[in-house]
Each structure stands twice: as structure tokens, then as C-alpha cells.
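Quick caveat, the model's predicted, so the values are computed rather than measured.
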Amino acid sequence: QVQLVESGGGLVQAGGSLRLSCAASGRTFSSYAMGWFRQAPGKEREFVAAINWSGGVTNYADSVKGRFTIARDNAKNTVYLQMNSLRPEDTAVYYCAAGKARSVSSAFGSWGQGTQVTVSS
């Protein structure tokens, strides 16, 4: 089992930036992919970005391509989500998740508690 703790959320104006972090423990960090998801009020949780075990392969939702960047530091057991050019529609609770395998397309089985991101217009 993997334990995940997100941080870095907050309130930002449209066009601004935030960097989310997610610290992992419990399994060898480099043995699994990592992902970010988000859930806005009244909506289903949606995929945002994923990164494979080494950081060499990434995948993004179309809505964030070119604005968000996912990265990982295996020495620090941490995954990041750099969010630039934020829009009000990016407002949501952001969750990090641990994959069940190394591939960026693996299913996700462990979730953090979430961190709130609010973008004002």
C-alpha cells in the first residue's frame, strides 16, 4: 500500500501559476507510475496527467496540455504538477494517485486526500 500526501494548493488569479507536490511512502517509489486527477463541485473525478516510473513518459488531458507539467523526483519520493496559465475552470480538488504498475497507462490504486485549487477570474 502507498500513502500519499498532497500539498501546494491555494487561491490564485486567472493566468497565475501553482505547483502541487505529492509525497509518497510505503512502496519503492520508482516501481510505479504516478498520476494527478481533479474533481470540481458537482462533477466526476477526471484525469489530469500521468508519468511513468522513470519520468521519461508523460500523458496529459487535452484540457491541460501546454499549461500543466507533471514531473517526479525518485530520490525524494515526490511527484509534482506545475500549473501555469490557470483558468477558473481549473478550480477543483486535485488528487495524486499511485499506479499499480510502472507504465503511464496503468490503473491507479492508491489516492491522496486531495488539495484545493481555486482560480479566481
Side-chain angles (χ1 to χ4, degrees):
Q1 188 73 1
V2 178
Q3 291 76 47
L4 303 169
V5 179
E6 302 100 332
S7 61
L11 173 65
V12 64
Q13 289 189 330
S17 298
L18 280 175
R19 189 176 81 154
L20 305 182
S21 299
C22 175
S25 61
R27 273 172 55 199
T28 303
F29 187 64
S30 59
S31 68
Y32 50 90
M34 291 293 296
W36 286 96
F37 293 73
R38 66 187 181 185
Q39 187 168 19
K43 295 188 176 181
E44 297 286 324
R45 186 175 298 187
E46 65 175 0
F47 169 77
V48 175
I51 189 166
N52 78 330
W53 68 279
S54 68
V57 179
T58 57
N59 189 24
Y60 295 93
D62 287 343
S63 59
V64 306
K65 278 181 183 176
R67 300 188 298 122
F68 290 12
T69 302
I70 188 170
R72 67 190 294 159
D73 185 337
N74 286 349
K76 295 183 178 180
N77 292 355
T78 302
V79 64
Y80 305 97
L81 185 68
Q82 178 66 44
M83 306 185 294
N84 299 328
S85 302
L86 282 161
R87 305 167 180 168
E89 53 264 39
D90 294 317
T91 295
V93 177
Y94 283 71
Y95 299 89
C96 70
K100 294 183 178 180
R102 293 187 170 194
S103 169
V104 73
S105 60
S106 69
F108 293 90
S110 299
W111 298 83
Q113 82 289 349
T115 186
Q116 177 70 46
V117 172
T118 303
V119 185
S120 62
S121 57

| query | Run the ring-ring contact (aromatic ring centres under 6.0 Å, His included) check on Trp111 and Phe37 step by step: do they pass? | reply | CA-CA 10 Å; Trp111 298 83; Phe37 293 73; 4.8 Å; yes
| request: Write down the atom of Asn52, the atom of Val104, and the distance for their closest heavy-atom approach. | output: CB-N, 3.9 Å
| For the student: nearest non-hydrogen atoms of Arg38 and Glu46, plus distance | NE-OE2, 2.6 Å
| query | Per the side-chain contact (heavy atoms from CB on, under 4.5 Å) rule, which among Val5, Thr115, Thr78 passes with Ser21? | reply | Thr78
| request: Flag the pair Ile70 / Arg72 as yes when at least one side-chain heavy-atom distance between them is below 4.5 Å, and no otherwise. | output: no
| Leu4 and Val2: which non-hydrogen atoms are nearest, and at how many Å? | CD2-CG1, 3.5 Å
| said: Are Phe108 and Tyr60 linked, directly or through intermediate hydrophobic residues, by side-chain heavy-atom contacts shorter than 4.5 Å (ILVMFWY only)? | reply: no
| message | Donor-acceptor pair, distance only, cut-off 3.5 Å: does the side chain of Glu6 make one with the backbone of Cys96? | response | yes
| request: Please report the closest heavy-atom contact between Ser17 and Asn84, naming both atoms and the distance. | output: OG-OD1, 2.9 Å
| message | Test of understanding: clusters of I, L, V, M, F, W, Y form through side-chain heavy atoms closer than 4.5 Å, transitively. Do Phe29 and Trp53 belong to the same one? | response | no
| Is there a donor-acceptor pair closer than 3.5 Å between any side-chain N or O of Thr91 and the backbone N or O of Val119? | yes
| message | Hydrophobic clusters here meaning ILVMFWY residues chained together by side-chain heavy-atom distances under 4.5 Å, can you tell me if Tyr80 and Met34 are in one? | response | no
| field | Heavy atoms from other residues, nucleotides or ligands near CD of Gln13 exceed 12 (cutoff 6.0 Å) | value | no
| task | Would you indicate whether the side-chain heavy atoms of Arg67 and Met83 approach each other to under 4.5 Å? | result | no
| Which atom pair, heavy atoms only, marks the closest approach of Ser106 to Ala101? | OG-O, 3.5 Å
| query | Given the rule that I, L, V, M, F, W and Y join up when any side-chain heavy atoms are under 4.5 Å apart, are Leu20 and Tyr95 in one cluster? | reply | no
| Counting only N and O atoms by type, is there a donor-acceptor contact under 3.5 Å from the side chain of Asn74 to the main-chain atoms of Ser30? | no
| request: With rounding to the nearest 0.5 Å, note down the distance linking CZ in Phe68 to CG in Leu86. | output: 5.0 Å
| So, are Asp90 and Arg87 salt-bridged, with charged N and O less than 4.0 Å apart? | no
| Can you name the closest pair of heavy atoms from Ala40 and Ala92 and give their distance? | N-CB, 3.8 Å
